[in-house]
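Only one structure is covered here, and it is reproduced in the block below.
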Amino acid sequence: MQASIDPISQLTERFADAIARAFPQIQGVVDPIIKACNQPELGDFQCNAAMPLAKRVGMNPREVAKAIIAAVDATGVCEPLSEASIAGPGFINIRLREDSLVASLLALDRPDLGIPKAAPPQTIVVDLMGVNLAKQMHVGHLRSPIIGDAIARTFERLGHKVVRQNHVGDWGLPIAMVVARLMKLAEQGKADLNSLTLDQLDAAYKAAQFECQRDLAGLEAVNKYGLGPKALAECEAQVSGATEAFTQARQTLVKLQTKDPATYAVWEKIRDVTMAVCLGACKRLHVNVTAEHNAGESSYADELAPMVDDLVARGIAEPDQGALIVRLEAPEFGSIKEPCLIRKTDGGYLYATTDIAAIRRRVQKFGGERIIYCIDARQNLHLRQVFGASIKAGYAIHPRTRTPALMEHAAFGSVLGANGQPLKTRSGENIPLESLLEETVQRAGAAVKSRNPEMSDDECRTIAEAVGMAALKYADLCNDRVRDYMFSFDRMLAFEGNTGPYLLYALVRIKSIFRKAAERAVGERWKQTPPRASEHAEKQLALALLRYPGTVHGVAQALEPHRLCQYLFELAGAFSSFFDRCPVLPSEGEVRDGRLRLCDITARVLEDGLHVLGIPTLERM
RNA sequence: GCCCUCGUAGCUCAGUUGGAUAGAGCAACGGAUUUCUAAUCCGUCGGUCAGAGGUUCGAGUCCUCUCGGGGGCGCCA
C-alpha cells in the first residue's frame with residue numbers, strides 16, 4: 001500500500017519485474033535505478049538500468065532497454081513505452097499517466113501524509129546542546145540545538161522514540177572556580193547570591209579563569225633572562241596569588257563533590273540562573289529542549305570512579321606515563337592512533353570519561369540503538385575516541401540487539417561573518433545570543449511593517465517574532481551542516497529567494513485562498529473532489545508533493561535537514577508557479593474544487609515539513 | 001609530521017550516494033498584476049566543478065597525488 005503513494009517505488013517494482021522477466025539468467029533482484037527526470041520535457045521519470053545491465057549480459061545497452069520496455073507492465077501507471085522512449089546510450093524516459101498521478105495524490109492525502117509510523121520504532125538519542133554553567137550564550141550555541149532539534153523532530157515524525165540530551169557543562173574545576181569566587185565575593189559583600197544574573201556569572205567566570213591562571217611561563221622567562229628583582233617579585237606575587245586561588249578552587253571542588261550544603265547551594269543557584277536563560281532561548285527558538293532533557297556532567301560524577309575501575313579490571317584501560325588510557329588502534333575501535341585518555345596522573349577524570357559514561361547510560365539505560373551527536377566538527381577526533389572506547393568497553397553493545405549502537409557525529413561547521421571569519425563583534429567578542437535574536441526580530445518587524453502599514457503593533461510583533469525565527473533557523477538549516485555557513489541578516493530576511501520567509505509566505509497565500517473561499521461561501525465539495533494534475537503547473541506541483549515521504553526518510557538516513565529545506569523550497573516554488581498560472585477561486589466547478597484540493601494537500605505538506613524543521617508557521621503576514 | 005574537513009557561476013549555496021547539455025537564490029538586464037497576499041511569477045546573462053592522473057560505456061560524485069582554506073592531534077572542557 002505504501003508503494004501506491006510514491007511513483008518511484010511503484011515504477012521500481014514494475015521495472016524490476018520486467019528486468020527479471022527479460023533477463024531470467026540474472027540472479028537476484030536488479031535495481032532498475034528509477035530517478036526523477038532532470039528535464040521535464042523528456043519525461044517525469046527515467047530508468048537507468050539498461051547501461052549497467054548491458055555489461056552483465058553482454059548486449060548493446062539500447063537492445064537491453066528495448067527488452068525491458070517489451071517486458072514492462074505499464075498498465076495504470078505510465079504512458080505506453082516505445083522505442084521513442086529510449087534516449088542516448090539507453091535511458092528509458094517515463095511519463096506518468098494523469099490518473100495514476102491523481103491516485104498517488106489521493107493515497108498521500110491522509111493524516112500521516114504518506115509517512116506511516118515506523119514499525120518497530122527505534123530508540124534514538126540525540127545530543128543536541130551543551131551549554132556551560134556561568135557562561136553567557138552566544139552565536140556559537142545556535143547551531144547545535146537548531147540542527148539537533150530538526151534531526152530529533154525528523155525521527156519523531158517517523159514514529160521513533162527520541163531521547164533528547166542536553167549535556168550541560170556543570171561540573172569540574174572551572175565551575176568550582178566560579179563557585180569559590182562567588183562565595184568569596186558574597187563574604188565581602190560584593191555580590192548578592194539571591195539576585196545573580198548570567199552576566200554577573202559570566203564576569204565571575206572570566207575573572208576566576210584569570211585569577212587561577214598561573215603565569216609560570218613568565219616566571220621562567222624572568223629567571224632565565226635575569227629581568228631584575230622587580231619583575232621577579234611581580235611574577236612571584238602573581239603566581240602565588242593564582243596558586244592560592246587555584247588551591248581554593250580545588251578545595252571547593254572537593255566540597256562540591258561531597259555535597260557540602262553551603263557550597264552546593266551556591267552551585268545550584270548558578271545552575272538555576274544559567275538554565276533559565278538557556279531554556280528560555282530554546283523556547284524562543286522553538287527548540288524542544290526543556291528541563292527534562294538535562295543530563296549534566298554532574299549527573300555522571302559518581303559513576304566515573306567505579307566505571308574506570310571496571311575498565312581497569314577488565315584490561316580495557318591501561319596505565320601509561322602515570323595516566324590511564326584506552327588504546328584504539330584496532331580497526332574495530334576506529335583505527336585511531338591517539339589513545340583515549342580517561343584519567344589524569346593526579347587521579348582526575350576528563351571529559352572523555354564523562355562522555356563514555358554518557359554512552360553507557362544512553363545505550364544500557366535508555367536503550368538507545370542510534371546515538372547522534374549534534375556537535376561542532378572540531379570535536380570529531382574526541383567523539384571517535386569516545387565511540388571506540390565505548391565499543392571496546394562493551395558499553396555500546398545494546399542489551400537487546402547484542403550489537404553496538406550506531407553512534408554518529410552529525411558535525412557542523414562554524415558561523416562566519418561577512419568577512420569569512422568566525423562571527424564576532426567589532427571588538428572581537430562573541431555576539432550574545434540575546435542581542436542576535438533581538439536584532440533578527442527587529443529587522444523582521446521592519447519588513448512586516450513596511451508591507452502592512454496599517455497592521456496593529458500587536459499583530460506585527462507576533463508576526464515579526466515568527467518571521468524572524470523562521471529566517472534565522474532556515475538560514476542555518478538550509479546549508480549542508482558540515483560546512484561553515486555565512487551569517488547575514490540581509491540574506492536570511494531577504495524579500496525574495498530561498499529563505500524562511502519565502503516558505504512562510506507560500507503557506508500564507510494558501511491560507512488566504514481558503515479564507516477567501518469561506519467568505520465567498522464556496523462550500524466544502526472540494527473535499528470530495530480529486531486533486532487536479534492536468535495542466536503543467538498542476539502536474540509539477542503534484543509531482544513535488546509526492547516526493548515528501550522520500551525526502552523525510554532521506555533526512556533521517558543522512559541526518560541532513562538541508563534536504564528537507566531544499567525540498568520545501570522547491571515545493572513552495574512549484575506552488576508559486578501554480579498560483580501564478582492557475583487561478584483557484586476564479587475558476588469554477590471541478591477545476592476550482594480540484595485545485596482547492598491540491599492547495600489543501602500543499603498547505604499540509606508545507607506545514608508538516610516546517611514543523612519537522614522546527615520552524616513556526618503563520619496564518620497571515 | 002599525522003588525521004579530519006571543505007574547494008562548483010561575480011556573491012551565497014544545491015547537486016537525490018556513478019547517469020543525458022552541472023542547477024537554484026542573490027546581483028545585472030528584460031517582461032508579467034481589472035483575478036485568490038508582487039515577500040510572487042516568466043525570461044536573458046553568467047562555469048576549465050581548485051589542478052593532474054586513474055577506475056569505466058559514463059566522474060562534480062569513487063581511488064591516488066598536488067595546491068589552497070578551516071579544524072584537530074594523551075594529563076583543559
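The model shown is predicted, which means the values in this text are computed figures rather than measured ones.
- Residue A/Thr354 places no side-chain N or O under 4.0 Å from the OP1 or OP2 atom of B/A77.
- Nucleic acid contact class of A/Phe514 (heavy atoms, under 4.0 Å, all strands): none.
- Judged purely by distance below 3.5 Å, without hydrogens or angles, the side chains of A/Asn380 and A/Arg384 pair a donor atom with an acceptor atom.
- Side-chain N/O atoms of A/Asn93 and A/Ser85 include no donor and acceptor closer than 3.5 Å.
- With the 3.5 Å cutoff on both pairing distances, Watson-Crick and G-U pairs in RNA chain B assemble into runs of at least 3 at B:1-7 with B:67-73, B:10-13 with B:23-26, B:28-32 with B:40-44, B:50-54 with B:62-66.
- One finds the CD atom of A/Glu570 at 9.0 Å from the CG atom of A/Asn498 (value rounded to the nearest 0.5 Å).
- Not one side-chain nitrogen or oxygen of A/Arg592 sits closer than 4.0 Å to the OP1 or OP2 atom of B/C36.
- Ring-base stacking between A/Tyr502 and B/A39 is not satisfied when judged by a centre separation under 5.5 Å and a plane angle under 30°.
- For the residue pair A/Thr499/A/Arg491, the side-chain donor-acceptor check at 3.5 Å is not satisfied.
- Across B/C2 and B/G19, the matching C1' atoms stand 37 Å from one another, rounded to whole Å.
- Out of B/A77, B/G25, B/U21, the shortest distance to the side chain of A/Gln39 is found at B/U21.
- A donor-acceptor contact shorter than 3.5 Å is absent between the side chain of A/Arg525 and the backbone of A/Glu590.
- Residue A/Lys337 places no side-chain N or O under 4.0 Å from the OP1 or OP2 atom of B/C2.
- Judged by atom type and distance alone, A/Tyr505 does not reach the base of B/A39 through any side-chain donor-acceptor pair under 3.5 Å.
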Can you give me the N/O atom pairs linking the protein to nucleotides 69-74 of chain B at distances under 3.5 Å, or say none if there are none?
unit_1, atom_1, unit_2, atom_2, d
B/C73, O2', A/Glu338, OE2, 3.2

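- OP1 or OP2 of B/C76 has at least one side-chain nitrogen or oxygen of A/Lys344 nearer than 4.0 Å.
- Nucleotide B/G74 is shown with a syn base, its glycosidic torsion being within 90° of 0.
- Between A/Arg597 and A/Asp593 there is no salt bridge, since none of the side-chain N atoms of the basic residue sits less than 4.0 Å from a carboxylate O of the acidic one.
- For the pair A/Lys66 and A/Glu83, the salt-bridge criterion is met [side-chain N within less than 4.0 Å of a carboxylate O].
- Nucleotides of RNA chain B nearest to A/Arg343 and A/Asn48 differ in position, and the one nearer the 5' end is that of A/Asn48.
- In this model, a side-chain donor or acceptor of A/Asn93 finds a partner on the base of B/A20 within 3.5 Å.
- A close approach under 4.0 Å does occur between a side-chain nitrogen or oxygen of A/Lys35 and OP1 or OP2 of B/G19.
- OP1 or OP2 of B/A14 lies within a sub-4.0 Å distance of a side-chain N or O belonging to A/Arg483.
- Side-chain proximity of A/Asn38 to the nucleotides B/A20, B/U12, B/C36 is greatest for B/A20.
- Distance check on atom P: B/A14 versus B/C6 gives 11 Å, rounded to whole Å.
- Proximity note for A/Ala558 (side chain, C-beta onward) versus B/C4, B/A20, B/U17: the nearest is B/U17.
- Within the 3.5 Å criterion, the main-chain N or O of A/Leu350 finds a donor-acceptor partner in the side chain of A/Thr353.
- Relative to the side chain of A/Ser577, the nucleotides B/C41, B/G7, B/A20 differ in distance, and B/C41 lies closest.
- Using a 4.0 Å heavy-atom distance criterion, A/Tyr567 is classed as making no nucleic acid contact.
- Glycosidic conformation, B/U17: syn, with the torsion inside 90° of 0.
- OP1 or OP2 of B/A39 lies within a sub-4.0 Å distance of a side-chain N or O belonging to A/Arg451.
- Residues A/Phe387 and A/Tyr373 bring their aromatic ring centres within 6.0 Å.
- The side chain of A/Met51 sits closest to B/C57 out of B/C57, B/A20, B/C36.
- On the C1' atoms, B/G15 is 14 Å away from B/A9, given to the nearest whole Å.
- Going from the C1' atom of B/A28 to that of B/C45 covers 8 Å, rounded to whole Å.
- The side chain of A/Ser576 lies closest to B/C41, out of B/C36, B/C41, B/A20.
- Mapping A/Gly322 and A/Arg620 onto RNA chain B by nearest heavy atom places A/Arg620 at the nucleotide closer to the 5' end.
- Checking B/U17, B/A20, B/C57 against every side-chain atom of A/Gln557, the shortest atom distance belongs to B/U17.
- Of the candidate nucleotides B/G19, B/A39, B/U12, B/A39 has the atom lying nearest to any side-chain atom of A/Val448.
- Between A/Tyr351 and A/Trp171, a ring centre-to-centre spacing not shorter than 6.0 Å is recorded.
- Within the 3.5 Å criterion, the main-chain N or O of A/Val448 finds a donor-acceptor partner in the side chain of A/Asn452.
- When distances run from any side-chain atom of A/Arg563 to the nucleotides B/A27, B/C57, B/U17, the shortest one goes to B/U17.
- Taking atom C1' on both B/G25 and B/G46, the two are 14 Å apart, rounded to the nearest angstrom.
- Of the possible polar contacts, none joining the A/His553 side chain to the A/Gly550 backbone as a donor-acceptor pair under 3.5 Å is found.
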